[in-house]
**Q** 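What follows is a structure written as structure tokens; I'll ask about it next.
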Amino acid sequence: MDQYGAADYLGSDDFDAYMRTGNQQAGTSRSTPAQSEATLVEGSSTFEIRRATLQSQKESYERRIQELKEKIAQVDAELDALEEDPDQGPTTDFTTSNFTWTANFKRTMRSVFGIERFRFCQQGVCNANMSGRDIVCVMPTGGGKSLTYQLPAILQEGVTLVISPLISLITDQVIHLEEAGVQAIRLTSANTPAENLKGMNRLSALADSTSGSREDDIKLVYVTPEKVVKSPNLKSVLQRLADRNKLERIVIDEAHCVSQMGHDFRPDYAQLHILRQLYPHVPIMAVSATCPPKVLQDLLSILRLRKPVDGDRAPRTGTVYFKSPLYRKNLHYTILPKPASGKELLQSICNFITTKHPNDSGIIYCLSRKDAEEVAAKLQEMSCGIIKTGVYHAERKAWEKEGLHRSWREGKIKVVCATIAFGLGIDKGDVRFVIHHTMSKSVDGFYQESGRAGRDGKDAECILYFQPADFTDLCSLVQRDKEGVGKVMAMLKFAQNLDECRKVQFACYFQHASAVDISQWATDNEDALSRCGHCDNCKRKDGVLKQEITLQVWQLLQIVEAVERSGLQVTFRKLASFATGHKVQFSTNSRRGSERVTGLNLTTICDGRVRGSSSDVEYILGHLLIKEYLVLAFKQTAYQTNVYIRLGEKGRTYTILDQGGVQKQAHLKMYLTLLLPATPSPSLSNTKRKAKAIPSKPSKKARVAADNDSADADEDVEMEGPSHHTRSGETSTKGKGKARMEPEVEPESDDEIEILSSRLVTPPGAVSSHTTRCKAELTSRDEWSFSMRDKDSSDDEDEDEEEDMVRRPSRRITRKAPSSFVADNVLIISSSDEE
Ligand SMILES: Nc1ncnc2c1ncn2[C@@H]1O[C@H](COP(=O)(O)OP(=O)(O)OP(=O)(O)O)[C@@H](O)[C@H]1O
């Protein structure tokens, strides 16, 4: 170490001593060899002594540094405590309108965004923003998070940098701002290199300018996290802006992406810790719609934000934390039983849109790309072009996606049929309905996806078409994801629950699954657990019935046990089908796997078919899965994962007893709320059915359709044909579509019968106003002729038939009945009949 280097490390007294010793060592007088040797020995011992002294001094200084560091930390903590203690330091209530800029807010909000009043915590966030605080803002999808940083950005002199995960979202935002006359740019790969260069030059000029602010100064710059992390040019221009106090704020949109605990983790988001290192004095704002406690913790530590403090009494330090209710009163949730045939389902969706939302924008979420394409094409066709649809999924090309976004924004496309890839970044306020063609893979997903409706705060409908059998299809898709099946199970529970208010269900789910504070579901005048009053479960006055299902449970569990005992395996759909009296082929449990066996006999297994419609039996099976009386078994094939139903440990409590034994045990009694048929048809009503039912043995052909093993079909229930569903690869179609076979009824007159298609599922609104009345005539042995007309349910059932037919348009269609079901005096309504 040279003497000057040493001076950096030593105090001035030590340095003088060091210089003296050094000078002595470097004495200039000449000496003899003996003297030299003695001097050398003396010199080396002096060196050792000196070295030891310095070493000890160094250690002593290090100890002092450590002590001082600890003292600084202590003082820091005391300072924090002092400032953060609401009783000791001054605090600010950001939620008030007593700030110098309040009047300016109102003016600008109205003139630029056309918004009259703040929503939720918007005002508080804007105030904290203007005060230069670090902020975390959690608001539901469509809650209006953008305004909370855009409004301050317009009013402040410098630039606001917004980091957003998607180019499409960035593009949308920049277009909106440009339309509103705000100077906003994007620096993304969606620009040409020349556009990006121009943007960078503008920013650079702004950083270097010494004159006051100008009208065309950039207010907002949008970039992706990748750009911020990887572009040295951008980092350098931001540095210059920050050094000159012209970088007002950095906003991180969809901030939950920083956390691996969140559902949209993005590795580049985790790199955003550099922001605090590079620009330590620039306030940071993290914005998200979902931020459960664990995600919040990650977010604070990754972004280097201080401990959160409340926005209504914020001390001078700390990250101001705002959250607004997750419950959105304007969204009306309805879960509808999914019609068994695809065509019936599409018809139901088509009716809903054309009757309730003919000119509105909406989204239909589908499970697969193929479904999305099919639904889009069919809806357009069924509605004769009234419903203008578009398709969005991950495999569409970037220009197709951009084109769809544009057409949707401009209203040329009204209904987007999409997979969940159509998600982040949808900024369309007037989406009046979101329909789920198949249930979501999680309650979180359902909340997010349905939340894309009604972002403008006006009423919107969220409809889910649900059939319990979809559960196993979804499980086969997610079974490799950790927690995947558990999440689908939670969704099944949510959808099957016909009693509890949907808002309350959401609140409880998020509280347990993500530890989200339940108070976030409360409103000004209601707590989180009071019913919303406007979801399907709150509005339904009747239409459901709590029923005892002990016998059905016993039968179903007996069937599953018998299947297992015989070395066979059964899927959800086949189980429901077999249990309700249909012929089913089971596959063997052997390694060959493909062998099909039909030999099980319902009568010997469980005393005949399970009572109830197929849909009821599916609900009961869903319930047994939720309660773990039944469990899932996954089997991988070369092409897919098959999901089979097996008996759970709890289920064995029932199977060891006989029917009488189960019914005697009070603790084994089981109840379930089930849907009642929408409107009992006169021809299906109990009294009429009893009077008209043909006690004699069913026709031969009808019996072919039903299971040979369960010839004792119940008159009180309808029987359903084999499911058309093939997604699991196990439940295959027999014949085209699904045939719904009504109970045998005697014709009203010789060859004539009247049916109300009340079992067709129609969405709310359309439900009560329309049923299709059809008059059917057996015109030949194989053909039925139908006269159909729409009938308002308000119409008097007994009013004169002929008169009514004149008043309303009627259609006459001749349909060929599926031959295998045709029988004397038995009417088959096939939902997939072709005209
Ligand atoms: N105070 C308000 N009054 C009326 N409309 C508002 C208000 N604030 C925002 N909006 C409108 O609400 C819609 C949604 O706002 P915004 O895009 O900011 O939602 P968001 O919270 O960012 O949602 P997401 O999480 O989906 O991105 C926009 O159309 C916006 O103009």
Side-chain angles (χ1 to χ4, degrees), residues 92 94 99-101 104-105 108-109 112-113 121-139 144-165 169-170 173-174 177 182-187 199 202-203 206-207 213 217-225 227-229 234-235 237-255 257-258 269 272-288 299-300 302-306 308-309 311 314 316-322:
T92 310
F94 287 114
F99 292 83
T100 48
W101 48 75
N104 228 347
F105 270 172
T108 313
M109 193 160 79
V112 177
F113 299 104
C121 54
Q122 279 179 329
Q123 174 158 268
V125 185
C126 288
N127 286 330
N129 241 322
M130 294 294 283
S131 310
R133 299 297 299 262
D134 285 341
I135 300 168
V136 171
C137 168
V138 184
M139 270 195 213
K145 294 183 278 294
S146 319
L147 183 83
T148 62
Y149 56 84
Q150 288 173 352
L151 183 58
I154 295 169
L155 297 179
Q156 288 170 326
E157 288 205 348
V159 176
T160 295
L161 177 75
V162 185
I163 300 172
S164 182
L169 174 55
I170 290 176
Q173 294 269 350
V174 173
L177 287 166
V182 179
Q183 293 291 329
I185 62 164
R186 63 178 184 183
L187 296 173
R202 281 180 73 190
L203 277 182
L206 184 61
S213 62
D217 281 350
I218 295 171
K219 291 291 175 194
L220 290 125
V221 180
Y222 282 81
V223 292
T224 59
K227 180 89 176 172
V228 174
V229 172
L234 179 62
K235 280 193 272 203
V237 81
L238 292 174
Q239 189 72 66
R240 278 163 42 224
L241 284 165
D243 290 347
R244 290 155 206 185
N245 287 332
K246 290 180 180 176
L247 185 56
E248 297 284 357
R249 167 165 304 280
I250 299 174
V251 177
I252 300 165
D253 199 7
E254 311 289 350
C257 298
V258 300
Y269 261 79
L272 294 181
H273 61 84
I274 59 162
L275 297 174
R276 188 77 333 152
Q277 283 166 304
L278 295 176
Y279 323 111
H281 303 297
V282 179
I284 289 179
M285 176 183 186
V287 179
S288 173
L299 191 148
L300 294 171
I302 290 168
L303 299 179
R304 311 279 196 267
L305 296 173
R306 302 181 89 168
V309 295
R316 278 203 304 247
T317 59
T319 303
V320 191
Y321 179 54
F322 289 96

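Numbers for residues simply follow the sequence, beginning at 1.
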**Q** Looking only at atom types and distance, does a side-chain atom of R202 sit under 3.5 Å from a main-chain N or O of D217, one as donor and one as acceptor?
**A**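 Not at all, since once roles are kept as given, no pair shorter than 3.5 Å links the two residues.
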**Q** Keeping the roles fixed (side chain from Q122, backbone from L147), state whether a donor-acceptor pair exists under 3.5 Å.
**A**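 Answer holds: no.
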**Q** So how far is it from I252 CD1 to L161 CG, rounded to the nearest 0.5 Å?
**A**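 One gets 9.0 Å once the value is rounded to the nearest 0.5 Å.
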**Q** Can you check whether Q173 reaches S146 side chain to side chain, under 4.5 Å on heavy atoms?
**A**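 Q173 vs S146: side chains touch.
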**Q** Quick check: do S131 and W101 have side-chain heavy atoms less than 4.5 Å from each other?
**A**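 Result yes, sub-4.5 Å side-chain heavy-atom pair found.
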**Q** Under a 3.5 Å distance rule, please check whether R276 uses its side chain to pair with a backbone N or O of V282 as donor and acceptor.
**A**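 Yes, R276 side chain to V282 backbone: donor-acceptor pair under 3.5 Å.
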**Q** Would you check if V309 and R133 make a side-chain contact, meaning some heavy-atom pair closer than 4.5 Å?
**A**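 Heavy-atom side-chain distance check passes, below 4.5 Å.
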**Q** Between CG of N129 and CG of L151, what distance do you get to the nearest 0.5 Å?
**A**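 Interatomic distance, N129 CG to L151 CG, rounded to 0.5 Å: 9.0 Å.
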**Q** Between R186 (side chain) and V174 (backbone), is there a donor-acceptor pair under 3.5 Å?
**A**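 Flag not set: sc R186 to bb V174 has no pair under 3.5 Å.
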**Q** When rounded to the nearest 0.5 angstrom, what distance separates CZ in F99 from CG in N104?
**A**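 The CZ atom of F99 sits 14.5 Å away from the CG atom of N104.
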**Q** Answer yes or no: is there a donor N or O on one side and an acceptor on the other, between the side chain of K235 and the main chain of V229, under 3.5 Å?
**A**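 Checked: pair present.
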**Q** Does the R249 side chain pair with the main chain of T160, one donor and one acceptor, at a distance under 3.5 Å?
**A**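 Checking the backbone N and O of T160 against the side chain of R249, no donor-acceptor pair under 3.5 Å is found.
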**Q** So, the side chain of N127 versus the backbone of F94: is there a donor-acceptor pair under 3.5 Å, distance only?
**A**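 Judged by distance alone, yes, a pair lies under 3.5 Å.
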**Q** Can a donor-acceptor pair be found, under 3.5 Å and without considering hydrogens, that links the side chain of R306 to the backbone of L300?
**A**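 Checked: no pair found.
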**Q** For the pair K227 (side chain) and L187 (backbone), establish whether a donor and an acceptor sit closer than 3.5 Å, ignoring hydrogens and angles.
**A**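 Not at all, since once roles are kept as given, no pair shorter than 3.5 Å links the two residues.
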**Q** Can you tell if the side chain of V125 reaches within under 4.5 Å of the side chain of Y149, non-hydrogen atoms only?
**A**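 The answer is no, as the side chains (C-beta and beyond) never meet within the 4.5 Å cut-off.
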**Q** Is the CD atom of E157 crowded by more than 12 outside heavy atoms at less than 6.0 Å?
**A**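 Counting neighbours around CD of E157, 12 or fewer heavy atoms of other residues, nucleotides or ligands fall under 6.0 Å, so no.
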**Q** Sub-3.5 Å donor-acceptor pair from the side chain of K219 to the main-chain atoms of L155, do we have one?
**A**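 Pair absent, no side-chain N/O of K219 close to backbone of L155.
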**Q** From I250 CD1 over to L275 CG, what is the distance, rounded to the nearest 0.5 angstrom?
**A**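 Interatomic distance, I250 CD1 to L275 CG, rounded to 0.5 Å: 4.5 Å.
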**Q** Using a 4.5 Å cut-off on heavy atoms from C-beta on, say whether the side chain of M139 contacts that of T148.
**A**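 Answer yes - side chains close enough.
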